[in-house]
Amino acid sequence: MIRINEHYLKLRASYLFSDIAKRVEAFQQANPEREVIKLGIGDVTRALPQACIEAFHKAVDEMAYDSTFRGYGPEQGYSFLREKIAQYDFKARGADIAPDEIFVSDGAKCDTANIQELFAVDIKVAIPDPVYPVYLDTNVMAGRCGESRDSRFENIVYLEGNRNNGFVPGFPLEAVDLIYLCFPNNPTGSTISKDQLGHWVDYARANRALILYDAAYEAFIRDDEIPHSIYEIDGAKEVAIEFRSFSKTAGFTGTRCAFTVVPKACMAFDSKGIAHALHPMWNRRQTTKFNGVSYPVQRSGEAIYSDQGRDQVKFLVNYYMNNAKLIRNAMSDLGFECVGGENSPYIWVDGQRDSWEFFDLLLNKAGVVCTPGVGFGKCGQGFIRISAFNSLDNVQNAIARIQSALA
Ligand code: MLT
């Protein structure tokens with residue numbers, strides 16, 4: 001008899017963003033005349049930078065001739081891209097990351113989901129609340145969590161983010177082995193200082209723990225004091241894996257290109273306490289289960305680092321950050337406390353009511369889609385997340401509609 005992985009039965013019925021998409025579809029069917037503005041899922045709306053498009057076209061043309069055609073590429077990514085990433089994203093910030101410590105992939109979502117395969121099932125995992133749901137759900141699927149009661153899984157240590165700590169969680173009260181951190185944060189838009197991040201690195205070193213650091217939104221940082229990479233902190237290479245993505249930075253949500261950094265010095269331990277490097281393990285995993293990102297997409301990704309590409313990406317990021325500022329100002333003027341939107345494309349709004357109630361109100365009265373904070377965890381109750389990823393016109397329209405709906 002074929003049997004299922006029963007851990008899947010512990011998950012909530014559908015993934016947060018699928019749930020929202022279904023509600024929006026139902027609303028549109030019931031109200032076909034209403035035009036809905038989506039500020040829910042963080043999906044970009046502007047075209048790829050011109051430099052990326054040109055490189056993409058050129059690489060597609062190369063595939064048309066036997067002499068320049070490429071078949072399977074290296075599972076870890078082409079060196080032309082890994083070298084650029086190492087130089088511009090890390091060395092330029094004083095972080096000594098080598099090209100061969102970078103694994104190019106088709107998304108930070110997949111990598112943050114897959115990385116937990118490297119670790120034992122009975123480790124203690126610390127997960128922020130509120131949180132990007134992928135970290136928690138994939139640990140549930142893997143069997144690391146017991147039952148769920150009152151929106152809390154057994155065996156998971158929740159790192160609570162709230163107004164008091166500025167949505168930068170403090171250290172767990174019990175020892176943990178694996179820690180997920182995401183800054184600038186999805187969903188709250190909060191950021192972490194170098195000092196605070198340094199304390200997390202110290203914690204991981206003292207406890208022989210590992211930090212999974214999701215920096216997918218680093219390009220939105222405006223404040224020079226905020227770290228872009230955990231490797232800006234001394235000693236982080238031994239205890240941290242970092243995830244990055246071109247999705248939001250350069251409009252690659254549909255094109256798919258990201259990367260994960262697994263430094264060669266980064267270690268985890270076997271049951272006898274013997275240290276093992278994670279780099280060869282992740283390499284083994286990727287070479288077995290992944291065949292790399294397509295050549296044209298990697299060439300397009302490489303173009304992000306050209307002079308032209310960097311200017312165009314800056315323009316794109318500034319465009320969305322201008323939206324973020326407008327949203328944050330408008331919601332603050334309406335009397336809502338907001339976090340984020342200053343170094344992040346997400347605005348975390350204290351809705352002063354149930355998250356889903358506020359979601360429904362904005363959908364029904366304003367035709368605007370947001371994300372209910374409680375979908376990111378118990379600590380998100382009462383909040384909504386508004387995304388800055390849309391056209392300026394749509395954002396201005398959405399703001400006007402929200403203002404009149406709440407008037
Ligand atoms: C989000 O809206 O939280 C993100 O778009 C989800 C993702 O990047 O997978």
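Remember, it's 1-based here, ligands and their atoms both numbered in the order they're listed.
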With sequence neighbours excluded, residues passing side chain to side chain contact (heavy atoms under 4.5 Å, CB included) with F69:
M63
Is the count of non-hydrogen atoms from other residues, nucleotides or ligands lying under 6.0 Å from K58 atom NZ greater than 12?
no
Are E117 and K289 within salt-bridge range, i.e. N to O under 4.0 Å?
yes
Report all N/O contacts between ligand 1 and the protein shorter than 3.5 Å as a table of atom names and distances to 0.1 Å; if there are none, say 'none'.
residue: ligand 1; atom: 2 (O); partner: G42; partner atom: N; Å: 2.6
residue: ligand 1; atom: 2 (O); partner: R385; partner atom: NH1; Å: 3.4
residue: ligand 1; atom: 2 (O); partner: R385; partner atom: NH2; Å: 2.7
residue: ligand 1; atom: 3 (O); partner: N186; partner atom: ND2; Å: 2.9
residue: ligand 1; atom: 3 (O); partner: R385; partner atom: NH1; Å: 2.9
residue: ligand 1; atom: 5 (O); partner: G42; partner atom: N; Å: 3.4
residue: ligand 1; atom: 5 (O); partner: G42; partner atom: O; Å: 3.2
residue: ligand 1; atom: 5 (O); partner: K248; partner atom: NZ; Å: 3.0
residue: ligand 1; atom: 8 (O); partner: K248; partner atom: NZ; Å: 3.0
residue: ligand 1; atom: 9 (O); partner: Y132; partner atom: OH; Å: 2.6

Please confirm whether the backbone N or O of C182 pairs with a side-chain atom of D214, one donor and one acceptor, at under 3.5 Å?
no
For ring-ring contact (aromatic ring centres under 6.0 Å, His included), just list the numbers for Y346 and Y217, CA-CA rounded to whole Å, side-chain angles, deciding distance to a tenth of an Å, and then say yes or no.
CA-CA 10 Å; Y346 296 127; Y217 297 93; 5.1 Å; yes
Is the F383 ring parallel, tilted or perpendicular to the W348 ring (thresholds 30°, 60°)?
parallel
